[in-house]
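First, the structure itself, so that you have it in front of you.
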Amino acid sequence: MKIKLLKKKKEGKDIKSFIFEKPKGFNFKPGQFIYLTLPKLFFDDQRGNTRHFTIASSPTEEHLMITTRIRKESGYKRTLDKMQKGDLINYRGPFGDFILGKEKKETQVFVAGGIGITPFRSIIKYQIDKGYKTPMHLIYSCSTTEEIAFRKELECWEKEGKIKLDITITHPEESKEKWKKLTGRLDHKILKKLTKNYDLKKTSFWLCGPPPFVSAIEIEVEKLGIKERNIITEKFSGY
């Protein structure tokens, strides 16, 4: 099966969204991913011409969107970035069970590291479009302010009272913008402070990002006394 590229959009430093025409009858749940296979590679890549990407758009939207970091060392990513409007690409899916498609009474805490923001963008947008009242708190860790993806959208949702948003910058000294809010790496002390008003016995923590980030945050969340059944993880390997 093939999908057509409609446009590309810059989301942050070295981060781009690729927006595709949604195939008729294509259904997915917020948080799932697809495999994309490029017709050919313009640059060498030992891992071949197929990668999996979380669908960053919501099932409520009329298009499919993936968002990724364009790395110079990845021949696949460099080739993907060369795609033009109207180009076709093969896909398979959807797959995955990192899904939140229902309304919840309990607070859902989303902890994202870097490009791990993508499933949360889909989940949050879906909850908003459906009119659900799920209490959602996004805690988002980025190296610099320039690497904050979907920033305007996230800040707009926060302003409208749709989500609670906390962004931490781990390397503020490397940012062009003077960041006056939360800085430093996330640990259980910071997480405890940010979630102090929640009943942690009923709060679910969703963790997504590079494997080292997710593994580290999982340990910190466990220090809060969160039960294993209330910790849901997704590790983005190979990015």
Check the pair W157 / L165 against side chain to side chain contact (heavy atoms under 4.5 Å, CB included), numbers first and verdict last. CA-CA 9 Å; W157 291 337; L165 175 66; over 6 Å; no

Would a 4.5 Å heavy-atom cut-off, applied to side chains only, mark K181 and I167 as touching?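 Not touching, per the 4.5 Å side-chain cut-off.
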
Which heavy atom of S122 sits nearest to which heavy atom of F28, and what is that distance?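 Closest approach of S122 to F28, heavy atoms only: OG-CE1, 4.2 Å.
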
Examine distances only and state if a side-chain atom of E146 and a backbone atom of K176 form a donor-acceptor pair shorter than 3.5 Å.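 Yes, because the side chain of E146 sits within donor-acceptor range (under 3.5 Å) of the backbone of K176.
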
Ion pair check, K162 and E160, cut-off under 4.0 Å: yes

For S215 and K235: C-alpha separation, side-chain torsions, deciding distance, then whether side-chain hydrogen bond (donor to acceptor under 3.5 Å, both in side chains) applies. CA-CA 8 Å; S215 297; K235 296 179 179 179; 3.1 Å; yes

Of the non-hydrogen atoms in Y132 and G101, which two are nearest, and what is the gap between them?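 Shortest heavy-atom contact: CE1-O, 3.7 Å.
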
D44, CG: over 12 other non-hydrogen atoms inside 6.0 angstrom: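 Counting other residues, nucleotides and ligands, CG of D44 stays at 12 neighbours or fewer.
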
If you define the side chain from C-beta out and look only at heavy atoms, does anything of F42 sit under 4.5 Å from R78? no

Within the supplied structure, the quantity of interest is the number of heavy atoms (other residues, nucleotides, ligands) at a distance under 6.0 Å from K8 NZ; does it exceed 12?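 Buried by this count: over 12 neighbours within 6.0 Å.
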
Give the other cluster members for Y198, using side-chain heavy-atom distances under 4.5 Å between Ile, Leu, Val, Met, Phe, Trp and Tyr residues; answer none if it is isolated. V109, V111, I139, L182, L186, I190, L191, L194, L200, F205, L207, F213, V214, I217, V221, L224, I226, I231

Minimal non-hydrogen separation, R51 against R47, with atom names: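 Scanning both residues completely, I find the closest heavy atoms to be NE-NH1, 3.2 Å.
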
Say you draw a straight line from OG1 of T54 to CD1 of I34; how long is it, rounded to the nearest 0.5 Å?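 Nearest 0.5 Å value for the OG1-CD1 distance: 9.5 Å.
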
Quick one: list whatever passes side chain to side chain donor-acceptor pair (under 3.5 Å) with K223, sequence neighbours left out. E220

Do T68 and L80 come close enough that some side-chain heavy atom pair is under 4.5 Å? yes

Show the numbers, then the answer: is there a salt bridge (Lys or Arg N to Asp or Glu O under 4.0 Å) between R151 and E155? CA-CA 6 Å; R151 182 173 177 177; E155 291 177 342; 3.0 Å; yes

K2 atom NZ: more than 12 heavy-atom contacts under 6.0 Å: yes

Is it true that K193 and D187 make a salt bridge, defined as a side-chain N closer than 4.0 Å to a carboxylate O? no

For a 4.5 angstrom cut-off between non-hydrogen side-chain atoms, does T183 reach T170? no

Using atom types as modelled and distance alone, determine if a side-chain donor or acceptor of E234 lies under 3.5 Å from a backbone N or O of I232. no

If only atom types and distance count, is the side chain of S175 paired as donor or acceptor with the main-chain N or O of T145 below 3.5 Å? yes

Determine, step by step, whether F98 and T233 satisfy the side chain to side chain contact (heavy atoms under 4.5 Å, CB included) criterion, reporting the C-alpha distance in whole Å, the side-chain angles of both residues, the deciding distance to 0.1 Å, and the verdict. CA-CA 7 Å; F98 191 76; T233 64; 5.5 Å; no

Looking at T118 and I115, would you say the former's side chain and the latter's main chain have a donor-acceptor pair under 3.5 Å? yes

Check G184 against T168 and note the closest heavy-atom contact, atom names and distance.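 Answer, listing the atom of G184 first, then T168: O-OG1, 2.7 Å.
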
In terms of side-chain geometry, is the basic nitrogen of D81 or K16 positioned less than 4.0 Å from the acidic oxygen of its partner?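 Result for this pair is yes, salt bridge flagged.
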
Smallest heavy-atom separation, P119 atom then G31 atom, equals CB-CA, 4.1 Å

To the nearest 0.5 angstrom, please state how far the CG atom of L6 sits from the CD atom of E21.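 It comes to 5.5 Å.
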
Would you check if the side chain of D45 reaches a backbone N or O of Y76 as a donor-acceptor pair within less than 3.5 Å?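 Yes: the side chain of D45 pairs with the backbone of Y76.
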
Distance-only donor-acceptor pairs under 3.5 Å for side chains of residues 55-66, two or more places apart:
from, atom 1, to, atom 2, distance (Å)
S57, OG, H63, O, 3.3
S57, OG, M65, N, 3.0
S58, OG, T60, N, 3.1
S58, OG, T60, OG1, 2.6
T60, OG1, D129, OD2, 2.5
E61, OE1, S58, N, 2.8
E61, OE1, R121, NH1, 2.6
E61, OE2, R121, NH2, 3.3

Check: F18 ring centroid to F53 ring centroid under 6.0 Å: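 No, ring centres 6.0 Å or more apart.
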
Of all heavy-atom pairs linking L41 and G75, the shortest is CD2-O, 4.3 Å

Spell out, yes or no, whether Y140 and I15 are grouped together once hydrophobic residues are joined by side-chain heavy atoms under 4.5 Å, including indirect joins.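 Not linked; separate clusters.
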
Electrostatic pair E11:K9 at N-O distance under 4.0 angstrom: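 Yes, E11 and K9 are salt-bridged.
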
Option passing ring-ring contact (aromatic ring centres under 6.0 Å, His included) with Y91 (candidates Y35, F26, F20): F26

Can you tell me how far apart CE (M136) and CD1 (I124) are? Round to the nearest 0.5 Å. 5.5 Å

Please test I123 against I99 for side chain to side chain contact (heavy atoms under 4.5 Å, CB included), starting from the C-alpha separation and ending with a verdict. CA-CA 8 Å; I123 289 170; I99 298 166; over 6 Å; no

If you measure only the distance, is there a donor-acceptor pair under 3.5 Å linking the side chains of S204 and K104? no

Kindly say whether K133 contributes a backbone atom to a donor-acceptor pair with the side chain of E103 at under 3.5 angstrom?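 Yes, because the side chain of E103 sits within donor-acceptor range (under 3.5 Å) of the backbone of K133.
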
We want to know whether Q127 and T134 form a side-chain donor-acceptor pair, criterion being a heavy-atom distance below 3.5 angstrom.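 Checked: Q127/T134 side chains pair up, N/O donor to acceptor below 3.5 Å.
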
Kindly indicate, with the supporting measurements, whether the criterion side chain to side chain contact (heavy atoms under 4.5 Å, CB included) is fulfilled by I3 and L88. CA-CA 6 Å; I3 50 177; L88 299 174; over 6 Å; no

Flag, side chain of E147 to backbone of C142, donor-acceptor distance under 3.5 Å: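 No: the side chain of E147 does not pair with the backbone of C142.
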
Pair F120 and F110, ring centroids less than 6.0 Å apart: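 Yes, close enough.
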
Within the side chain of N49, is there an N or O that forms a donor-acceptor pair under 3.5 Å with the backbone of T37?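 Looks like no, no N/O pair under 3.5 Å.
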
Given side chains that start at C-beta, do those of L38 and T50 come closer than 4.5 Å, heavy atoms only? no

Given side chains that start at C-beta, do those of S74 and F43 come closer than 4.5 Å, heavy atoms only? no

At what distance, to the nearest 0.5 angstrom, does CG of L5 lie from CG of D87?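 One finds 6.5 Å between CG of L5 and CG of D87.
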
Tell me whether L138 is reachable from I169 by hopping between hydrophobic residues (I, L, V, M, F, W, Y) whose side-chain heavy atoms are closer than 4.5 Å. yes

Between CD on residue E106 and NZ on residue K202, distance to nearest 0.5 Å: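 One gets 7.0 Å once the value is rounded to the nearest 0.5 Å.
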
Flag side-chain contact, heavy atom, 4.5 Å: K130 against K125: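 Side-chain contact under 4.5 Å: no.
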
Cluster question for you: counting only ILVMFWY and a side-chain heavy-atom cut-off of under 4.5 Å, with indirect links fine, are F33 and F236 together?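 Unlinked, F33 and F236 end up in two clusters.
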
Going from OG on S141 to CG on D166, what distance comes out if it is rounded to the nearest 0.5 angstrom?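 Output value for this atom pair is 12.0 Å.
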
Would you say that M83 contacts I89 through its side chain, given a criterion of any heavy-atom pair below 4.5 Å between the two side chains?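 They are in contact (side-chain heavy atoms under 4.5 Å apart), so the answer is yes.
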
